[in-house]
Amino acid sequence: MTVTRGLEGVVATTSSISSIIDDTLTYVGYNIDDLAENASFEEIIYLLWHLKLPNVEELAELKNQLSENAELPQEVLNHFKTYPIQKVHPMAALRSAVSLLGLYDDEADVMEEDANYRKAIRLQAKMPSIVAAFARVRKGLEPIAPKKDLSFAANFLYMLTGKEPEPIAVEAINKALVLHADHELNASTFTARVCVATLSDVYSGITSAIGALKGPLHGGANEAVMKMLKEIGTLENVEPYIRGKLERKEKIMGFGHRVYRNGDPRAKHLKVMSQKLTELTGEPHWYDMSVKIESIVTGEKKLPPNVDFYSASVYHSLGIDHDLMTPIFAVSRVSGWLAHILEQYANNRLIRPRAEYTGPGMQKYVPIEHRD
Ligand SMILES: CC(C)(COP(=O)(O)OP(=O)(O)OC[C@H]1O[C@@H](n2cnc3c(N)ncnc32)[C@H](O)[C@@H]1OP(=O)(O)O)[C@@H](O)C(=O)NCCC(=O)NCCS
């Protein structure tokens, strides 16, 4: 047996959804740079699920389906009130709420292709509503119902704040959603595929994926970056703080990647956004500190920033609570998870690798009264 730790370099499936080749990320053959500059998140959802960009009617239909399905069942809202809400991380709340949604979906266990597509719409539509509602309920505020005439990105901000957002905020959230939507066989997408390859249901697949995204080595890194920026506090502190961490062989959150070697192509888009937004909010030090961290970490360790590094200061500048950063990643990545789940069902085989056994050799059972 050859053991490949962390499955590095192992090709576990074929997929037509996204690719990372020579540090270039594409969704269905479209370069991420092109999509980040030009596409709406709704177009990306359609692209990932249908493997083509939508025409005008197809996009209008998808938008309509999303807005018609965005409202949450009262049972989910009531459930928030039973949580120890001040202690619950929003990713844990999201994971539980998605699982709960499955209980109220009559089609949860209907495995036909059409039914699975309808569940994909419902889940994509409801994820931002869950995040926004939870964020308000824990502050003692009423959840806000989605507005039908707003874009996906604008609606999310509206449900979070109760105000129609500024165009720059909508642009930033739309870009972030586009950039995070899919990423080949990343840990949470693999988790979703492993789950549904047992022919388990869509809700189980997405619940498992949220659990995998929550960890700081994956989606949880953006919140960890903001925590680090706050700990550092000033531009002067960057140098001793980062060098100290490197000397102690601690990881710097928001750097490094399993697949990219020369840099994550998504990071530069968020870097530009971070500069723009931190200037606008009068807090350019978050951007300046980030740039200084980048220059030390790339200089010392040759590790470029990943998607999570500059997204932290972008979300902070939009006034978003720091623990909502990873849930926003999930609101976007659910589009990719769902695309991969539908692809897995269409050509399924159980995913079941092996482990090389390293425990003791053959032993004989000893009755308890004869054990030491
Ligand atoms: C993304 C990540 C999990 C990839 O992990 P991986 O491919 O398993 O790589 P490893 O963790 O084995 O790291 C390989 C080497 O680079 C170093 N390294 C990797 N990321 C590092 C980081 N962020 N800071 C400092 N050193 C890092 C490791 O310490 C290790 O060094 P060593 O060989 O001297 O022990 C890893 O880079 C990381 O933990 N990054 C920080 C968390 C993060 O930003 N996650 C979001 C990813 S989009």
Side-chain angles (χ1 to χ4, degrees), residues 3-12 18-20 23-25 27 32 36 91 175-192 209-232 238-271 273-274 289-316 322-323 325-334 336-337:
V3 179
T4 307
R5 280 194 78 226
L7 299 182
E8 181 165 5
V10 171
V11 179
S18 63
S19 76
I20 305 169
D23 285 358
T24 299
L25 169 63
Y27 296 168
I32 194 65
M91 275 302 273
K175 212 180 274 284
L177 294 175
V178 169
L179 290 168
H180 286 83
D182 198 44
H183 208 220
E184 205 224 50
L185 209 54
N186 61 90
S188 55
T189 301
F190 185 55
T191 304
I210 294 170
L213 186 73
K214 184 169 175 282
L217 296 189
H218 191 9
N222 51 16
E223 184 185 345
V225 170
M226 201 59 224
K227 185 166 172 273
M228 173 177 76
L229 288 173
K230 273 177 57 196
E231 262 169 31
I232 298 175
V238 169
E239 189 95 32
Y241 182 98
I242 296 295
R243 290 202 189 281
K245 260 187 170 306
L246 292 177
E247 272 158 32
R248 294 189 299 276
K249 302 219 170 300
E250 290 170 16
K251 282 191 168 169
I252 314 292
M253 291 293 127
F255 286 86
H257 202 275
R258 174 61 69 77
V259 183
Y260 297 118
R261 284 297 158 249
N262 298 311
D264 180 335
R266 302 166 297 175
K268 60 182 176 292
H269 297 281
L270 292 161
K271 184 174 182 178
M273 238 337 142
S274 164
M289 281 161 61
S290 304
V291 171
K292 193 155 182 194
I293 297 170
E294 179 183 349
S295 95
I296 299 172
V297 179
T298 43
E300 291 290 316
K301 297 282 291 183
K302 308 268 172 297
L303 285 172
N306 56 48
V307 70
D308 292 304
F309 188 60
Y310 285 99
S311 67
S313 45
V314 166
Y315 296 142
H316 172 81
H322 298 168
D323 59 2
M325 292 179 181
T326 314
I328 296 175
F329 190 155
V331 164
S332 165
R333 183 58 58 84
V334 71
W337 293 333

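Order of appearance sets the numbers: ligands from 1, and atoms from 1 within every ligand.
Phe255 is not listed as a side-chain neighbour of Lys301, based on a closest heavy-atom distance of 4.5 Å or more. Considering only heavy atoms from C-beta on, Ile232 comes within 4.5 Å of Ile242 through its side chain. Residues Leu270 and His180 are in side-chain contact: their nearest non-hydrogen atoms beyond the backbone lie under 4.5 Å apart. Counting heavy atoms from C-beta on, the side chains of His322 and Lys230 come closer than 4.5 Å. Looking only at side-chain heavy atoms (C-beta outward), Tyr310 and Val291 come within less than 4.5 Å of each other. In this structure the side chain of Ile252 never reaches within 4.5 angstrom of the side chain of Phe309, judged on heavy atoms.
In this structure, OG1 on Thr326 lies 7.5 Å from CG on Asp308, to the nearest 0.5 angstrom. Atom OH of Tyr241 sits about 9.0 Å away from atom CG of Leu229, to the nearest 0.5 Å. Taking NE2 of His269 as the reference point, atom CG of Asp264 lies at 9.5 Å (rounded to 0.5 Å). Here CG of Leu246 is found 6.5 Å from CD of Glu300. Values are rounded to the nearest 0.5 Å.
Summarising the contacts of atom 3 (C) of ligand 1 with Val297, Val307, Leu217, the nearest heavy atom is found in Leu217. Looking at Tyr260, Phe255, Phe329, it is Phe255 that brings a heavy atom closest to atom 40 (N) of ligand 1.
Using a 4.0 Å threshold on non-hydrogen atoms, atom 26 (N) of ligand 1 counts as touching the protein. Within a 4.0 Å radius of atom 14 (C) of ligand 1, the protein contributes no non-hydrogen atoms. Protein heavy atoms are found less than 4.0 angstrom from atom 8 (O) of ligand 1. In this structure, atom 11 (O) of ligand 1 has a protein heavy-atom contact shorter than 4.0 Å. Shown here, atom 18 (N) of ligand 1 is in close reach of the protein: a heavy atom of it lies under 4.0 Å off. Under the 4.0 angstrom criterion, atom 30 (C) of ligand 1 counts as lacking any protein heavy-atom contact. Distance screen at 4.0 Å: atom 34 (O) of ligand 1 has no protein heavy-atom neighbour inside the cut-off.
Shown in contact with Leu303 at under 4.0 Å from a heavy atom are these atoms of ligand 1, numbered in order with element: 18 (N), 19 (C), 20 (N), 21 (C), 22 (C), 24 (N), 25 (C), 26 (N), 27 (C). Every atom of ligand 1 with a heavy atom of His218 under 4.0 Å away is listed here by number and element: 46 (C). Per-residue contacts place Ala221 under 4.0 angstrom from the following atoms of ligand 1 (heavy atoms of the residue considered): 43 (C), 44 (O), 45 (N), 46 (C). Close contacts of ligand 1 with Pro216, meaning ligand atoms under 4.0 Å from a residue heavy atom, involve 42 (C), 45 (N).
Looking only at heavy atoms of the protein, atom 1 (C) of ligand 1 is closest to Gly256 O, 3.8 Å. Looking at atom 6 (P) of ligand 1, its nearest protein heavy atom turns out to be Arg258 NE, 3.6 Å. Nearest to atom 24 (N) of ligand 1 among the protein's heavy atoms is Ile252 N, 2.9 Å. Scanning the protein heavy atoms around atom 46 (C) of ligand 1, the nearest turns out to be Asp308 OD2, 3.2 Å. Among protein heavy atoms, atom 36 (C) of ligand 1 sits closest to Lys251 NZ, 3.8 Å.
No more than 12 heavy-atom neighbours from other residues, nucleotides or ligands sit within 6.0 angstrom of NZ on Lys227.
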| said: For Arg333 and Thr189: C-alpha separation, side-chain torsions, deciding distance, then whether side chain to side chain contact (heavy atoms under 4.5 Å, CB included) applies. | reply: CA-CA 9 Å; Arg333 183 58 58 84; Thr189 301; 4.2 Å; yes

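No heavy atom of Ala224 sits closer than 4.0 Å to any atom of ligand 1. Using 4.0 Å as the threshold, Gly254 has a heavy atom nearer than that to some atom of ligand 1.
Contacts between Lys301 and ligand 1 below 4.0 angstrom, taking non-hydrogen atoms only, involve the side chain exclusively. Looking at Asn306 against ligand 1, only its side chain comes within 4.0 Å, counting heavy atoms.
The aromatic rings of His183 and Tyr260 sit tilted, their planes meeting at an angle between 30° and 60°.
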